[in-house]
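Heads up, the thing below is written out as structure tokens.
No hydrogens, no waters, no symmetry mates; every other heavy atom, side chains included, goes into these values.
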Amino acid sequence: MTFKQACEKTMGHPLAEALQWHIDNGVDVAVGDVAVNRTVARAAEPPKASELKPAEPKHAEPGIAITGSFAALRQKAVDAAAAANTLEGLREAIRVYDGLEVKRTATNLVFADGNPKARVMVIGEAPGADEDRQGLPFVGVSGQLLDKMFECIGLSRREEDPAKAIYISNILNWRPPGNRTPTEAEISLAMPFIERHIALVAPKYVVLMGAVAAKGILDMDQAISRLRGKFYDHPSGAKLLPTYHPSFLLRTPLQKKKAWQDLLLLSDALKDK
Ligand code: URA
């Protein structure tokens with residue numbers, strides 16, 4: 001039976017409709033082998049000793065594999081990132097790091113794209129479905145807008161000249177299931193790797209696309225609308241420029257004007273050097 005025949009045969013079946021409803025709502029990955037019916041209230045049972053986790057509520061979120069204490073997982077990330085002395089070494093350190101549950105549901109590691117000698121590094125949030133399939137950041141619709149935005153100021157990920165190139169990565173290198181926003185705990189575990197990534201590339205400017213990248217790297221809790229539009233100092237000496245994420249701009253085209261102002265700030269700064 002062809003896929004089309006199978007679809008026709010199951011069309012109208014309540015299970016097929018339930019599956020389509022989940023896909024339409026972004027639930028396109030099975031994260032466990034056993035389905036959990038969350039509509040049925042569970043009788044309050046005392047937890048088994050093996051279910052007890054360290055009392056660290058901020059980090060005890062779903063999506064994180066708590067195999068030891070959160071602090072141990074975080075220390076492991078810090079050590080693994082610090083031990084990487086090349087970009088290839090860092091890619092491998094991220095690939096083998098086991099603290100992030102999202103690794104298990106992702107298809108590919110999405111490490112980076114572009115020219116690692118670029119003066120400008122661009123950091124997004126996390127890969128989506130297209131990026132997960134191809135193993136490259138910003139290759140879907142928001143990536144097409146990102147490329148156009150930078151091409152308007154003469155910068156491209158395909159450029160060999162470091163003065164005209166960009167290098168692109170994300171805070172999180174694995175796709176969160178259903179494209180959900182990374183949790184605070186995931187961001188915390190990913191930070192040592194992206195900080196090491198910045199240190200190894202040593203760009204002059206880092207453009208932080210969207211709230212997750214801006215708040216993560218700046219460690220500030222203000223809205224992206226307040227953070228954007230000015231440069232901040234990074235300990236590496238790079239200048240950080242937060243701006244709107246291209247997928248936000250696709251949903252809210254009126255804000256493109258502000259993103260364009262941010263890119264002009266970057267373009268002027270690059271001319272001064
Ligand atoms: N959005 C991001 O933040 N990063 C990608 O790589 C793709 C979409």
*Is a side-chain donor or acceptor of Glu131 paired with a backbone partner of Val139 at a separation under 3.5 angstrom?*
yes
_Under 3.5 Å donor-acceptor, Ser156 side chain and Arg158 backbone_ = yes
*Report, as yes or no, whether the 6.0 Å neighbourhood of atom NZ on Lys117 holds more than 12 heavy atoms from other residues, nucleotides or ligands.*
no
*May I have all residue pairs that pass ring-ring contact (aromatic ring centres under 6.0 Å, His included) and include part of residues 109-168, sequence neighbours excluded?*
Phe111-His197, Phe138-His245, Tyr167-His197
*Please examine the side chains of Thr183 and Arg180, heavy atoms only from C-beta on, and report whether any two atoms are closer than 4.5 Å.*
yes
*With Tyr232 via ring-ring contact (aromatic ring centres under 6.0 Å, His included) - residues at least two apart*: none
Quick one: pull up [atom1] in [X] and [atom2] in [Y] and give me the separation to the nearest 0.5 Å.
| X | Y | atom1 | atom2 | value |
| --- | --- | --- | --- | --- |
| Asp262 | Arg228 | CG | CZ | 4.0 Å |
| Arg175 | Asp130 | CZ | CG | 9.0 Å |
| Asn173 | Ile194 | CG | CD1 | 6.5 Å |
| Lys239 | Arg119 | NZ | CZ | 15.0 Å |
| Glu151 | Leu146 | CD | CG | 9.5 Å |
| Glu186 | Thr181 | CD | OG1 | 10.0 Å |

*Under 4.5 Å between side-chain heavy atoms, hopping through other hydrophobics if needed: is there a path connecting Leu155 to Tyr244?*
yes
*Look at the side-chain heavy atoms of Ile, Leu, Val, Met, Phe, Trp and Tyr, link any pair under 4.5 Å apart, and say whether Ile166 and Leu265 land in one connected group.*
yes
_Leu240, Leu241, Ile217 screened by side-chain contact (heavy atoms from CB on, under 4.5 Å) with Val206, the one that passes_ = Leu240
Which heavy-atom pair separates [X] from [Y] by the least distance, and what is that distance?
| X | Y | value |
| --- | --- | --- |
| Asn170 | Pro127 | ND2-N, 3.9 Å |
| Thr243 | Ala259 | OG1-CA, 3.8 Å |
| Ala213 | Gly124 | CB-O, 3.7 Å |

*Can you list the steps and then say if Arg95 with Glu92 is a salt bridge (charged side-chain N to carboxylate O under 4.0 Å, His left out)?*
CA-CA 5 Å; Arg95 196 186 66 74; Glu92 184 58 12; 2.8 Å; yes
Side-chain donor-acceptor contacts of residues 73-81 below 3.5 Å, not counting sequence neighbours, with atom names and distances?
from: Arg74; atom 1: NH1; to: Ser188; atom 2: O; distance (Å): 2.3
from: Gln75; atom 1: NE2; to: Asp79; atom 2: OD1; distance (Å): 2.9

